[in-house]
Amino acid sequence: MEKPVAIVLGGTAPHIELIRQLHERGYKVVLADYLPNPPAKKHADIHEQVSTMDGYAVLEVARKYNAKLVMSACVDQANITACYVAEKMNLPHPYSYQLASDITNKGFMKKVMWENNIPTTRYIFLAAGDDLKDFKLRFPVMVKPADSCAASGVKKANNPEELNQFLAEAKKVSRTGRTVVEEFFSGVEVSVYAFLQDNVAKILMISERLSVIEGEKQVLKCYATITPPNITEGANAKIEKYTTEIANVFHLNNTPLHVQFICNGDEVSVIEFAPRVGGGISYENIKNNTGFDIISSTIDSYLQRPVNAIFKRSDRFFSVNLAYGIPAVFDHMEGVEELIAQGYIDSVHYHKTAGTTISDDRASGGRIAAILVSGTTRKEVLEKVEYIFAHINAYDSQGNQILRKELYIKE
């Protein structure tokens, strides 16, 4: 009997685990990704080189293979396409195409949160062609495309000159020319990973995010996370409260939810959210920390099967460290396997394959690999990370060392 076909949108590293689990469930997996050699390609049965943002092209692929499931676990914009194709083909999906489209618009997201007293900073939303008038926000401000993936086009403007420059750049990154300008809220940035069950957000894990803004293009780069974060009990309580309120206000249920907050003492402010699994290897970090399989639960969410979010948090500390490279053509890393054998590294997941170009014009362009480290204390984790970056290297196709050895989590 022929296997049912599942279309996976995006060949990112975390989708390797998604493909593996779909195979376990008896699916034949077709990967849709515009890149010729994305990380997940060799794990799929078939690779169709189409853009995950091209709904019509993905619909044709789904019809070609008579797909029974079309999904993405970790890519915001691909969720829109998945829901679009699912509705066209009467396939199961976790929420409507309209809702998927609306909540990937940061302007719509901010408006609904503001109207429902969910704490978020003051903002201005600019539709395509709108000019910036009556600017009353306080500098510094964050400038964002309204509908980009991850941190693409996100810049921090400290004065009117930078604001105008970054707005022009953000409009080019946006697929629709829409942008958001919002006041900067300082504090500890955290990523909240939840699963929504019975209209309540079950908080699986909260990770502190370490980021830097650098380069001529002022690119925002997250280079590490650590769990649990250094925040107050008051902030923790508000995170639980407002994560559930986000789910209810936006009519989301039985789906993963990834929310980014800034915490300053007991006060919190929502940056943005997405009803999906977090990026990178957060899925593995969640499983190590709680025993909860968020990839499996996401498949059930797409299949509209109820998920029972049972988990227990570990008392260990976990850190994901993103190894960045300078612009080059990546070839390989050295020292990783030895450090895994010695117990310094728990696991490594590669964002780049040999022959892939490393760039510094966006955060994801410079990432070579994600390195997972754990320990009984925060201090132990930080010491392990320092040792790791002193003993690993990355090389380009000419044999030059290209790893940014200075960019790692420190106290």
Side-chain angles (χ1 to χ4, degrees), residues 4-12 14-15 18-19 22 25 27-35 38 40 44-109 111-112 127-128 145-150 152-153 173-178 196 246-247 250-258 272-279 295 297-305:
V5 172
I7 310 291
V8 169
L9 305 183
T12 60
H15 278 180
L18 172 61
I19 291 169
L22 287 169
R25 293 186 184 219
Y27 286 95
K28 179 180 180 180
V29 179
V30 177
L31 175 65
D33 194 298
Y34 76 101
L35 293 172
D45 299 289
I46 299 170
H47 174 215
E48 289 281 351
Q49 199 171 341
V50 298
S51 170
T52 59
M53 297 185 188
D54 189 337
Y56 298 107
V58 173
L59 178 60
E60 288 303 305
V61 170
R63 285 173 171 163
K64 174 182 174 180
Y65 293 100
N66 190 27
K68 301 303 179 186
L69 178 65
V70 180
M71 69 173 296
S72 170
C74 308
V75 185
D76 289 348
Q77 299 299 318
N79 284 357
I80 301 175
T81 301
C83 292
Y84 167 78
V85 174
E87 287 190 3
K88 289 292 184 183
M89 296 183 63
N90 197 29
L91 300 177
H93 49 296
Y95 33 78
S96 70
Y97 165 61
Q98 185 62 54
L99 182 59
S101 301
D102 286 343
I103 58 184
T104 51
N105 176 355
K106 293 180 176 67
F108 173 84
M109 182 188 298
K111 178 176 183 291
V112 174
D147 53 5
S148 65
C149 289
S152 297
V173 174
S174 168
R175 294 184 298 113
T176 57
R178 299 178 298 187
L196 308 180
I246 287 170
F250 289 89
H251 308 293
L252 293 164
N253 197 34
N254 199 52
T255 180
L257 185 65
H258 178 214
E272 59 189 43
F273 71 88
R276 60 166 175 83
V277 179
I295 295 292
S297 299
T298 300
I299 297 172
D300 286 336
S301 171
Y302 265 84
L303 294 173
Q304 298 180 342
R305 297 173 180 169

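In this chain, residues are counted from 1 in sequence order. Keep in mind it's a predicted model, so treat the numbers as computed, not measured.
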Mind checking the CG-CG spacing from Leu303 to Leu69? Nearest 0.5 Å is all I need. 5.5 Å

Go through the structure and list residues passing side-chain contact (heavy atoms from CB on, under 4.5 Å) with Ala247, not counting sequence neighbours. Leu196

Of all the heavy-atom pairs spanning Asn79 and Arg276, show the shortest one and how long it is. ND2-CB, 3.7 Å

How would you list, by chain and number, every residue that makes a side-chain contact (heavy atoms from CB on, under 4.5 Å) with Ala82, sequence neighbours excluded? Leu9, Val70, Tyr302

Would you call Asp45 and Val5 a side-chain contact if the rule is heavy atoms closer than 4.5 Å? no

Between Met71 and Thr298, does the side-chain contact (heavy atoms from CB on, under 4.5 Å) criterion hold? Intermediate values first, please. CA-CA 9 Å; Met71 69 173 296; Thr298 300; 3.9 Å; yes

State, with a plain yes or no, whether a side-chain heavy atom of His15 is found less than 4.5 Å away from one of Ser72. yes

The ring pair (Phe, Tyr, Trp, His ring centres under 6.0 Å) partners of Phe108 (sequence neighbours excluded) come to none

Could you work out, with side-chain contact (heavy atoms from CB on, under 4.5 Å) as the rule, every residue matching Cys83, not counting sequence neighbours? His93, Tyr95, Tyr97, Ala100

How would you list, by chain and number, every residue that makes a side-chain hydrogen bond (donor to acceptor under 3.5 Å, both in side chains) with Tyr27, sequence neighbours excluded? none

Inter-residue atom distance Thr255.OG1 - Gln304.CD, 0.5 Å rounding: 11.5 Å

Is any side-chain heavy atom of Leu257 closer than 4.5 Å to one of Ile246? yes

By side-chain hydrogen bond (donor to acceptor under 3.5 Å, both in side chains) - contacts of Asp300 (at least two apart): Arg25

Minimum heavy-atom distance between Ile295 and Leu18, given as atom pair plus value: CG2-CA, 3.8 Å

Solution key, residues 46-58 side-chain donor-acceptor pairs under 3.5 Å, sequence neighbours excluded:
unit_1, atom_1, unit_2, atom_2, d
His47, NE2, Asp33, O, 3.0
His47, NE2, Leu35, O, 3.3
Glu48, OE2, Lys64, NZ, 3.0
Glu48, OE2, Tyr65, OH, 2.6
Gln49, NE2, Tyr34, O, 3.0
Ser51, OG, Met53, N, 3.1
Asp54, OD1, Tyr56, N, 3.3
Asp54, OD1, Ala57, N, 3.1

Non-hydrogen side-chain atoms of Pro38 and Leu31 separated by less than 4.5 Å: yes

Looking at CD1 of Ile103 and CD of Glu272, how far apart are the two atoms once the value is rounded to the nearest 0.5 Å? 12.0 Å

What are the two closest non-hydrogen atoms of Ala274 and Asp76, and how far apart are they? CB-OD1, 3.2 Å

With Arg63 via side-chain hydrogen bond (donor to acceptor under 3.5 Å, both in side chains) - residues at least two apart: none

Out of curiosity, Arg175 CZ to Ile80 CD1, how far, rounded to the nearest 0.5 Å? 5.0 Å

I want to check something: taking the side chain as every heavy atom from C-beta on, are Met89 and Leu59 in contact at a cut-off of under 4.5 Å? yes

Salt bridge (Lys or Arg N to Asp or Glu O under 4.0 Å) involving Lys88 - partner list, sequence neighbours excluded: none

Please list, chain by chain and in numerical order, all residues satisfying side-chain hydrogen bond (donor to acceptor under 3.5 Å, both in side chains) with Thr176, sequence neighbours excluded. Asp147, Ser174, Arg178

Could you go step by step and tell me if Ile7 and Val61 meet the side-chain contact (heavy atoms from CB on, under 4.5 Å) rule? CA-CA 8 Å; Ile7 310 291; Val61 170; 4.1 Å; yes

